[in-house]
Colleague: 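One structure coming up, written as structure tokens, with questions to follow.
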Amino acid sequence: MNTHDAISANATSSQLFLSFFKIGSFTIGGGFAMIPLMEQELVDKKRWLTREEFLDCLSIGQAMPGIFAVNMASSIGYRLNGIKGALSAIVGNICMPVLTILLLAMFFRHFKDYTVVEHIFMGIRPAVVALIAAPVFNLAKSAKVNWSNCWIPILAALLIWIWGFSPVWIILGTIVLGIVYRRIRS
């Protein structure tokens, strides 16, 4: 299927709740680790969104203040079923993580000093990095990042990481450069 063949079907509130409950239940590592599961469930399996629509929702989710996973759920849920869809997706998305955190908080203090628990958490870290890195490459392809423009995200990452630039200034700078570039080319 061509990614431009929009299937964008409406999803019921209960369908959105169940899909986002599943996504929230099987994600370790927070919002960015949910991206591949969301893409697989909503684009590949359910075909509720095209890749481009998913990328748009991802951009909106990153731009909005607050928790990324909730932002994504609200953006996608609203796109598919309005306010009801947004609320259903948000509740479905946060149910299992909230319950898990509550259970961990209740029992973790009893187990935190065991070396086995410490090793488990150390082992999960590389898996979380891989879960975050995989969709970055897929999304870069969808966003048409190629060899001629890959220097932009690399430079932005270096400015933030090495020189401590605020991401706000990076975003504002790239907006200005994008506008200047567009005017020069037209």
Colleague: Indicate the atoms forming the closest heavy-atom contact of Met38 with Phe54, along with that distance.
Modeller: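 Smallest interatomic distance, heavy atoms only, reads CB-CE1, 3.7 Å.
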Colleague: Kindly say whether Asn71 contributes a backbone atom to a donor-acceptor pair with the side chain of Ser74 at under 3.5 angstrom?
Modeller: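 Yes; judged by distance alone, with no hydrogens or angles, the pair exists.
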Colleague: Supply the atom-to-atom distance Tyr114 OH to Ile120 CD1, rounded to the nearest 0.5 angstrom.
Modeller: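 With rounding to 0.5 Å, OH (Tyr114) is 12.5 Å from CD1 (Ile120).
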Colleague: Can you hop from Val98 to Ile67 via hydrophobic side chains spaced under 4.5 Å?
Modeller: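 Yes, same cluster.
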Colleague: What's the verdict on side-chain contact (heavy atoms from CB on, under 4.5 Å) for Ile76 and Phe20, showing C-alpha distance, side-chain angles and the deciding distance?
Modeller: CA-CA 10 Å; Ile76 292 168; Phe20 277 93; 3.9 Å; yes
Colleague: Are Phe17 and Ile83 connected, step by step, through hydrophobic side chains (Ile, Leu, Val, Met, Phe, Trp, Tyr) whose heavy atoms are closer than 4.5 Å?
Modeller: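 Phe17 and Ile83: separate clusters.
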Colleague: Among the clusters formed by ILVMFWY side chains lying less than 4.5 Å apart, do Ile35 and Ile124 turn up in the same one?
Modeller: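 Per the 4.5 Å side-chain linkage, Ile35 and Ile124 are co-clustered.
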Colleague: Quick one: side chains of residues 86-96, donor-acceptor pairs under 3.5 Å with protein atoms, not counting sequence neighbours, listed by atom name and distance.
Modeller:
residue	atom	partner	partner atom	Å
Ser88	OG	Lys84	O	2.9

Colleague: For the atom pair OG (Ser75) and CD (Glu53), what is the distance rounded to the nearest 0.5 Å?
Modeller: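 Interatomic distance, Ser75 OG to Glu53 CD, rounded to 0.5 Å: 10.5 Å.
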Colleague: Start with the C-alpha distance between Asp44 and Arg51, add both sets of side-chain angles, then the distance that settles salt bridge (charged side-chain N to carboxylate O under 4.0 Å, His left out), and finish with yes or no.
Modeller: CA-CA 9 Å; Asp44 299 332; Arg51 294 219 188 283; 2.6 Å; yes
Colleague: Restricting to side chain to side chain contact (heavy atoms under 4.5 Å, CB included), what partner residues turn up for Asn149, sequence neighbours left out?
Modeller: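 Testing Asn149 for side chain to side chain contact (heavy atoms under 4.5 Å, CB included), a comparison that skips the adjacent residues, returns Val145, Asn146, Ile152.
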Colleague: When hydrophobic residues are tied together by side-chain contacts of less than 4.5 Å, even through go-betweens, does Leu158 share a cluster with Ile160?
Modeller: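 Looking at the clustering, Ile160 is in the same group as Leu158.
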Colleague: To the nearest 0.5 angstrom, please state how far the CD1 atom of Ile60 sits from the CG atom of Leu55.
Modeller: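 Between atom CD1 of Ile60 and atom CG of Leu55 there are 10.0 Å.
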Colleague: So which atom in Ala69 and which in Met34 form the shortest heavy-atom distance, rounded to 0.1 Å?
Modeller: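 That would be CB-SD, 3.6 Å.
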Colleague: Given Leu49 and Asp56, is the side-chain contact (heavy atoms from CB on, under 4.5 Å) satisfied, shown in steps?
Modeller: CA-CA 10 Å; Leu49 299 169; Asp56 290 343; over 6 Å; no
Colleague: Between the main-chain N or O of Thr12 and the side-chain N or O of Gln15, is there a donor-acceptor pair closer than 3.5 Å?
Modeller: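 Between the backbone of Thr12 and the side chain of Gln15 there is a qualifying donor-acceptor contact (under 3.5 Å).
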Colleague: Taking atom CD as the centre, does Gln40 end up with more than 12 heavy-atom neighbours from other residues, nucleotides or ligands that are less than 6.0 angstrom away?
Modeller: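 No, the 6.0 Å shell around CD holds no more than 12 heavy atoms from other groups.
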Colleague: Using every non-hydrogen atom in the two residues, find where Ser19 and Leu42 come nearest and quote the distance to one decimal.
Modeller: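 Looks like CB-CD2, 4.5 Å.
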Colleague: Sub-3.5 Å donor-acceptor pair from the side chain of Thr174 to the main-chain atoms of Ile171, do we have one?
Modeller: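 Checked: pair present.
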Colleague: Applying ring pair (Phe, Tyr, Trp, His ring centres under 6.0 Å), name anything that partners Phe68, two or more places apart in sequence or on another chain.
Modeller: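 Scan of Phe68 (ring pair (Phe, Tyr, Trp, His ring centres under 6.0 Å), adjacent residues dropped) gives Phe32.
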Colleague: Quick one: pull up CE in Met106 and CD1 in Ile101 and give me the separation to the nearest 0.5 Å.
Modeller: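 CD1 of Ile101 is found 13.5 Å from CE of Met106.
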Colleague: Who are the side chain to side chain contact (heavy atoms under 4.5 Å, CB included) partners of Leu159, not counting sequence neighbours?
Modeller: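 With neighbours one apart ignored, the set is Leu155, Trp163, Phe165, Ile170.
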Colleague: Same hydrophobic cluster for Ile154 and Ile162, using side-chain heavy-atom links shorter than 4.5 Å among ILVMFWY?
Modeller: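 Yes; tracing contacts between hydrophobic side chains, which count when under 4.5 Å, links both residues.
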Colleague: Tell me, please, which residues at least two apart from Tyr78 pass ring pair (Phe, Tyr, Trp, His ring centres under 6.0 Å).
Modeller: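 Testing Tyr78 for ring pair (Phe, Tyr, Trp, His ring centres under 6.0 Å), a comparison that skips the adjacent residues, returns none.
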Colleague: Which pair of non-hydrogen atoms, one from Leu37 and one from Ile23, has the smallest distance, and what is that distance?
Modeller: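 Leu37 and Ile23 have their closest heavy atoms at CD1-O, 4.0 Å.
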Colleague: Quick one: salt bridge (charged side-chain N to carboxylate O under 4.0 Å, His left out) pairs with a partner in residues 12-24, sequence neighbours left out?
Modeller: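 Qualifying pairs: Lys22-Glu41.
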Colleague: Using the rule given for side-chain contact (heavy atoms from CB on, under 4.5 Å), can you reason through Tyr181 versus Val176, listing the C-alpha separation, both sets of side-chain angles and the distance that settles it, and then say yes or no?
Modeller: CA-CA 9 Å; Tyr181 177 76; Val176 169; over 6 Å; no
Colleague: If you round to the nearest 0.5 Å, how far is CD of Gln62 from SG of Cys57?
Modeller: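 The SG atom of Cys57 sits 12.0 Å away from the CD atom of Gln62.
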